[in-house]
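Working notes for the structure below.
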Amino acid sequence: MESVKSQSYEVHINELAKAALNQHVANRKYSKTFLLVDENTKEHCLPVFNEIFDGTIDSILEIQSGEENKHIQTCVQLWEDLSNLDGDRKSLLINLGGGVLTDMGGFVASTFKRGIDFINIPTTLLSMVDASIGGKTGVDLGSLKNQIGVINQPQMVLIFPEFLKTLDKRQTKSGYAEMLKHGLIQDKAYWKDLTEKNNFADPSCIQRSIAIKNEVVLQDPTEQGLRKILNFGHTLGHAIESYCLENQDKRTLLHGEAIAVGMVLEGYLSHELRGLSKLALDEIKKGFMKHFDKVDFSDEDINAILELLKYDKKNSHGNVNFVLLQAIGEAVTDITVPEELFQKAFAYYME
């Protein structure tokens with residue numbers, strides 16, 4: 001499979017990824033090479049990495065998996081570990097893990113000694129098609145998603161689909177939601193193809209999703225305009241995800257599961273405000289309901305979720321700004337939504 005050129009680095013897939021990694025590390029002659037893992041990637045992915053990587057890992061750093069550990073205290077521990085292990089500005093950090101790990105590892109590398117090189121090797125479908133691509137790094141602030149961070153590009157992103165064999169079906173479907181999003185915002189034919197598939201980890205689809213995201217990021221690396229379309233479903237989806245993190249006694253939702261709900265809700269808002277046809281709206285709902293279980297929300301849940309919208313990163317001048325669809329494959333940004341439509345959107349989702 002071909003490599004995909006991004007803003008200042010390349011995404012290498014399968015057979016090209018091993019060669020790119022080993023050539024890069026050999027040429028750069030880093031003072032230290034660190035590998036960041038969590039308990040899952042240490043057990044399931046590290047043995048594969050050791051077969052891929054020809055160089056020397058000076059130290060392995062380990063964090064606990066899970067969104068609840070994606071906070072500044074974990075970063076402090078990693079900064080201290082890098083310092084105690086004599087990391088310097090010529091060090092390299094290789095992030096081997098899912099979206100939580102690549103987000104946090106990228107942020108740690110971008111801020112340690114004012115910035116060291118890092119490479120992302122995503123091990124989940126979500127991180128392969130979304131989280132590790134595009135240079136967004138950071139951590140949560142309490143339960144509020146990705147409030148602290150910087151945009152900084154890795155040296156490269158390396159995709160090895162064999163890592164997907166280590167995932168359960170629910171984790172794989174979480175990443176599938178972001179692939180469906182790519183179709184909805186940019187490629188109607190890709191959306192239709194995906195909704196008919198049961199092979200969530202099709203390498204050709206992974207490559208297409210990476211290409212769609214990179215096409216957007218290349219044109220708008222710092223999210224001043226076009227890149228905002230990648231947030232479709234995320235305004236309400238992130239609020240739902242944050243609410244579930246705060247109320248784990250009620251339910252737990254993976255990122256993709258929350259975003260899937262968000263895309264149906266924001267599809268309804270698109271129908272009301274941007275002329276998305278009822279036929280297209282129902283097609284979107286049917287597409288997600290085929291792969292994701294419906295989530296029930298009480299009035300109390302909905303009110304609490306809507307309160308969290310004020311923390312969305314796209315907000316400006318007191319307005320909550322949405323990405324909506326004019327049609328499947330055509331997204332528009334910076335749309336404000338009348339409050340009375342939110343309850344109707346949840347009612348449509350749950351009917």
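Between the Ser143 side chain and the Leu245 main chain, no donor and acceptor come within less than 3.5 Å of each other. Formation of a donor-acceptor pair under 3.5 Å by the Asp38 side chain with backbone atoms of Ser65 is not found in this model. Within the 3.5 Å criterion, the main-chain N or O of His291 finds a donor-acceptor partner in the side chain of Lys173. No donor-acceptor pair closer than 3.5 Å links the side chain of Glu215 to the backbone N or O of Lys213. Looking only at distances, a side-chain donor or acceptor of Arg227 sits under 3.5 Å from a matching main-chain atom of Gly134. Judged purely by atom type and a 3.5 angstrom limit, Lys18 has no side-chain atom pairing as donor or acceptor with the backbone of Phe53. Without hydrogens or angle criteria, Ser127 side chain to Pro122 main chain gives no donor-acceptor distance under 3.5 Å.
Side-chain contact of His255 with Glu67: a donor-acceptor pair under 3.5 Å is absent, judged by distance alone. For the 3.5 Å distance criterion, the side chains of His24 and Tyr30 qualify, holding a donor opposite an acceptor. A donor-acceptor contact closer than 3.5 angstrom links the side chains of Tyr190 and Ser209. Donor-acceptor pairing under 3.5 Å is lacking for the side chains of Gln171 and Thr124.
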Test log, rule side-chain contact (heavy atoms from CB on, under 4.5 Å), inputs Ile119 and Leu21: CA-CA 9 Å; Ile119 291 172; Leu21 171 64; 4.0 Å; yes

Verdict with supporting geometry, Ser83 and Phe112, side-chain contact (heavy atoms from CB on, under 4.5 Å): CA-CA 9 Å; Ser83 184; Phe112 181 71; 4.3 Å; yes

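Residues Asp202 and Lys197 are paired through a salt bridge, judged by an N-O separation under 4.0 Å between the basic side chain and the carboxylate.
Residue pairs meeting the side-chain hydrogen bond (donor to acceptor under 3.5 Å, both in side chains) criterion with at least one member in residues 259-268, sequence neighbours excluded, are Tyr268-Glu272. Each side-chain hydrogen bond (donor to acceptor under 3.5 Å, both in side chains) pair with one or both residues in residues 50-63, not counting sequence neighbours, appears once here: Asn22-Asp54, Lys42-Glu62.
Considering only residues two or more places apart in sequence or on other chains, Val150 meets the side chain to side chain contact (heavy atoms under 4.5 Å, CB included) condition with Phe107, Ser110, Thr137, Asn152.
Relative ring orientation between Phe288 and Phe292 is described as tilted, the plane-to-plane angle lying within the 30° to 60° band.
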